[in-house]
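Heads up, the thing below is written out as structure tokens.
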Amino acid sequence: MTLKLYNTLTRCKEEFKPLAPPLVTFYVCGPTVYDYIHIGNARVFIVFDVVRRYLNYRGYRVKMVQNYTDIDDKMIQRAREEGLTVAELAHKYITAYEDDAARLRIRPADLQPRATEHIEPIVKLIQRLEEQGLAYHSGGDVYFNAGGFPGYGQLSHQAPDELLAGARVEPGEWKKNPLDFTLWKGRKEGEPAWESPWGKGRPGWHIECSSMAMHYLGETIDLHAGGADLIFPHHENEIAQSTGATGKLFTRYWLHAGYLNIEEKKMSKSLGNVLTVRRLLEEYNPLDLRFFILSAHYRSPLNFSRELIGQARAGRERLQEFVDNLYRALPGAGTETTGLEEKIRSELISAWRRFDEAMDDDFNTAAAIAVLFELAREGNIYLQKGHPYQRELLEQLLNYFREVNELFEILEIRKPVSLDEELRRMIARREEARRKKDWALADHIRNELQARGIILEDTPHGTRWKHKPGR
RNA sequence: GGCGACAUAGCCAAGUGGUAAGGCAGAGGACUGCAAAUCCUUUAUCCCCGGUUCGAAUCCGGGUGUCGCCUCCA
């Protein structure tokens with residue numbers, strides 16, 4: 001089986017062949033830490049974390065770098081608004097990011113460098129561009145000479161003159177050409193600044209990513225990812241800077257995640273519909289958010305609404321229920337067989353294959369999740385008809401879900417905790433009442449337990465309980 | 001204006017040539033003291049019009065509609 005992925009640069013699904021397998025070098029454009037991250041950011045980080053996990057699962061050794069942009073115009077402006085220094089602001093929102101990401105079960109990249117800690121390699125890269133005649137010093141700033149780089153526009157598939165039509169020059173800029181962009185900004189009063197051959201100043205936005213990507217991962221990296229809105233100008237400019245300096249192919253495969261819209265509209269400050277992860281986590285289970293995001297293909301636009309999260313939650317709970325029921329069936333299981341086991345085992349093998357095929361096809365998480373639903377249905381048939389259950393089979397199913405969950409992390413896979421003495425006694429009293437067909441008392445106790453978050457289910461093989469699903 | 005994406009059941013969403021996965025919601029049924037959970041059954045002229053093909057949701061052309069990028073943005 002071969003892994004295929006869609007490369008924005010070629011606009012084709014291509015077979016994935018890393019430069020130096022099993023190593024895969026992977027750079028993801030991280031957050032500008034001037035605010036809490038929103039659900040659209042979260043989609044990008046969740047999706048590419050899953051990509052990384054899947055590559056690991058496929059036997060690659062992934063080296064993943066995700067940066068923090070901790071100096072730029074937005075940082076400076078926001079720091080003023082909040083009455084903090086830029087460094088304090090960065091610290092505040094990096095901490096917030098780490099917290100939000102952890103709650104969303106996003107695993108940190110192997111390296112999370114900050115722009116301000118890499119001024120030296122950034123300066124060196126700009127110097128290399130100067131040597132190539134691709135950078136010029138003008139009005140205190142240093143600009144990239146876009147016209148001097150023949151491949152400009154290759155990622156966004158636009159000819160330079162077409163891009164020019166929409167380009168603008170901000171007041172106070174000293175560009176020779178509207179497509180040129182800042183590599184180094186000269187210091188203005190009250191702004192953080194670092195020493196450089198061009199005087200005090202700070203790096204431009206695009207150069208930090210080129211610099212850090214190459215610094216940690218080499219001049220040609222395998223994978224480079226971000227939101228679709230980074231295609232132009234950010235990633236276009238990264239290519240121009242990197243290849244401009246080295247003469248080498250910068251990124252072999254470009255991956256871009258689709259937008260997440262709110263109620264059919266793009267999220268934007270001006271519409272006032274930006275949903276921060278922080279805010280959403282007050283209301284929703286993080287696993288529901290992950291399930292929702294992974295239930296669509298990563299490149300498709302995805303609409304966010306209360307109703308859609310509700311649908312996702314209901315679906316996820318079905319899978320969660322199955323896993324919980326496997327656990328609950330385990331204590332009574334043994335070596336007896338009912339003849340159903342072979343059928344379920346072959347379903348498991350089939351699911352395994354189809355799951356991998358789906359993921360090999362440009363990380364089709366939606367199709368992969370469908371496979372899990374089908375396996376859960378087969379498993380439920382076994383739980384319904386296979387009593388007293390073969391322990392080995394239950395464990396195989398559980399192990400498979402555990403393995404898949406290492407990739408998606410959409411389920412809690414853990415043994416049910418035991419209830420405290422008082423609740424256990426209530427359940428026993430209800431059992432007694434049911435034996436005596438005292439339905440009024442039995443139902444009363446059941447309601448009582450429900451009010452305390454415990455749901456009872458009477459199965460042919462005894463009563464079982466579960467916690468009321470959260471949120 | 002340039003570039004591009006998308007249009008599949010009430011809702012969400014896979015599927016890129018061989019007569020439509022999966023989920024949610026709904027309806028009916030089985031099981032249950034009642035529930036819950038689960039299982040079974042059930043719901044699609046694949047936006048429209050042409051064309052290519054033995055055969056198209058899938059390819060080509062033309063419409064229509066929605067959205068995005070071209071400007072900070074994940």
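Atom set for the values below is all heavy atoms of this structure, side chains included, hydrogens, waters and symmetry mates excluded. All of these numbers come straight from a predicted model, not from anything done at the bench. Proteins get letters first, then strands, A, B, ... in listed order; numbering begins at 1 in each.
In this structure, A:Arg464 reaches the sugar-phosphate backbone alone: every heavy-atom distance under 4.0 Å involves primed, P, OP1 or OP2 atoms, never a base. Nucleic acid contact for A:Leu456: base, since at least one base atom lies under 4.0 Å from a heavy atom of the residue. Residue contacts for A:Gly40: at a heavy-atom cut-off of 4.0 Å it reaches a base atom on one of the strands shown. Using a 4.0 Å heavy-atom distance criterion, A:Arg430 is classed as a base contact. Here A:His38 lies in heavy-atom contact (under 4.0 Å) with a base. At a threshold of 4.0 angstrom between heavy atoms, the contacts of A:Leu260 include nucleobase atoms, whether or not backbone atoms are also involved. Within 4.0 Å (heavy atoms only), A:Ser300 reaches sugar-phosphate atoms of the nucleic acid but no base atom.
For A:Ala367, taking side-chain heavy atoms from C-beta onward, the closest of the listed nucleotides B:A14, B:G22, B:C72 is B:A14. The listed nucleotides are B:C69, B:A13, B:C34; the one nearest the side chain of A:Asp458 is B:C34. Ranking B:C73, B:C70, B:A37 by closeness to the A:Asn325 side chain, first place goes to B:A37.
Between B:U19 and B:U45, the two C1' atoms lie 13 Å apart (nearest whole Å). Remark: the separation of the C1' atoms in B:U43 and B:G10 is 10 Å, to the nearest Å. Between the C1' atoms of B:G63 and B:A7, the separation comes to 14 Å (whole Å). Comparing B:U58 with B:G1, their P atoms are spaced 27 Å from each other, to the whole Å. Remark: the separation of the P atoms in B:A30 and B:A36 is 15 Å, to the nearest Å. For the P atoms, the distance from B:A21 to B:A9 is 14 Å, rounded to whole Å. Here, B:C46 and B:A20 have their P atoms 11 Å apart, quoted to the whole Å. For the P atom pair drawn from B:G29 and B:C34, the interatomic distance equals 14 Å after rounding to whole Å.
In this structure A:Phe363 satisfies the ring-ring contact (aromatic ring centres under 6.0 Å, His included) test with no other residue, sequence neighbours excluded. For A:Glu236, the side-chain hydrogen bond (donor to acceptor under 3.5 Å, both in side chains) partners two or more places apart in sequence, or in a different chain, are A:Ser156. Partners of A:Trp205 under the ring-ring contact (aromatic ring centres under 6.0 Å, His included) rule, at least two apart in sequence or in another chain, are A:His234.
At least one side-chain nitrogen or oxygen of A:Lys266 sits closer than 4.0 Å to the OP1 or OP2 atom of B:C69. The side chain of A:Asn380 contributes an N or O atom lying less than 4.0 Å from OP1 or OP2 of B:C39. Between A:Asn364 and B:G15, a side-chain N or O to OP1/OP2 separation shorter than 4.0 Å is present.
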Write out a two-atom table: protein N or O, nucleotide N or O from nucleotides 2-8 of chain B, distance below 3.5 Å.
unit_1 : atom_1 : unit_2   : atom_2 : d
B:G2   : O2'    : A:Glu162 : OE1    : 3.4
B:G2   : O2'    : A:Glu162 : OE2    : 3.0
B:G2   : N2     : A:Gln158 : NE2    : 3.3
B:C3   : O4'    : A:Gln158 : NE2    : 2.8
B:C3   : O2'    : A:Gln158 : NE2    : 3.3

Are any protein N/O atoms closer than 3.5 Å to N/O atoms in nucleotides 23-26 of chain B? If there are, list each pair with its distance.
unit_1 : atom_1 : unit_2   : atom_2 : d
B:G23  : N2     : A:Gln311 : OE1    : 2.9

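With respect to A:Leu223, the side-chain contact (heavy atoms from CB on, under 4.5 Å) criterion is satisfied by exactly one of A:Thr251, A:Leu217, A:Thr25, A:Leu5: A:Leu5.
By the 4.0 Å N-to-carboxylate-O rule, A:Glu191 lies close enough to A:Arg202 to be salt-bridged with it. A salt bridge links A:Glu412 with A:Arg105: the closest approach of a Lys/Arg side-chain nitrogen to an acidic carboxylate oxygen falls below 4.0 angstrom.
Annotation: A:Arg414, atom CZ; neighbour count of heavy atoms from other residues, nucleotides and ligands within 6.0 Å is above 12.
Across the strands present, B:C47 finds its partner in B:G63; the criterion is a Watson-Crick or G-U wobble pair with both atom distances under 3.5 angstrom. A 3.5 Å limit on both hydrogen-bonding distances identifies no Watson-Crick or G-U partner for B:A9. Pairing partner, B:C69: B:G2, with both Watson-Crick or wobble hydrogen-bond distances short of 3.5 Å. Base pairing analysis places B:C34 opposite nothing; no Watson-Crick or G-U wobble pair with both distances below 3.5 Å involves it.
A donor-acceptor contact under 3.5 Å is not formed by the side chain of A:His256 with the base of B:A74.
The closest donor-acceptor contact from the side chain of A:Arg464 to the backbone of A:Arg328 lies at 3.5 Å or more, if one exists at all.
A cation-pi arrangement is not found for A:Lys13 relative to A:Tyr6, the charged atom failing to lie both closer than 6.0 Å to the ring centre and inside a 45° cone about the ring normal.
Within residues 431-446 of chain A, the residues having any heavy atom under 4.0 Å from RNA chain B are, by residue number, A:Arg434, A:Trp439, A:Asp443, A:Arg446.
Of the N and O atoms on the side chains of A:Glu14 and A:Thr10, at least one donor lies less than 3.5 Å from an acceptor on the other residue.
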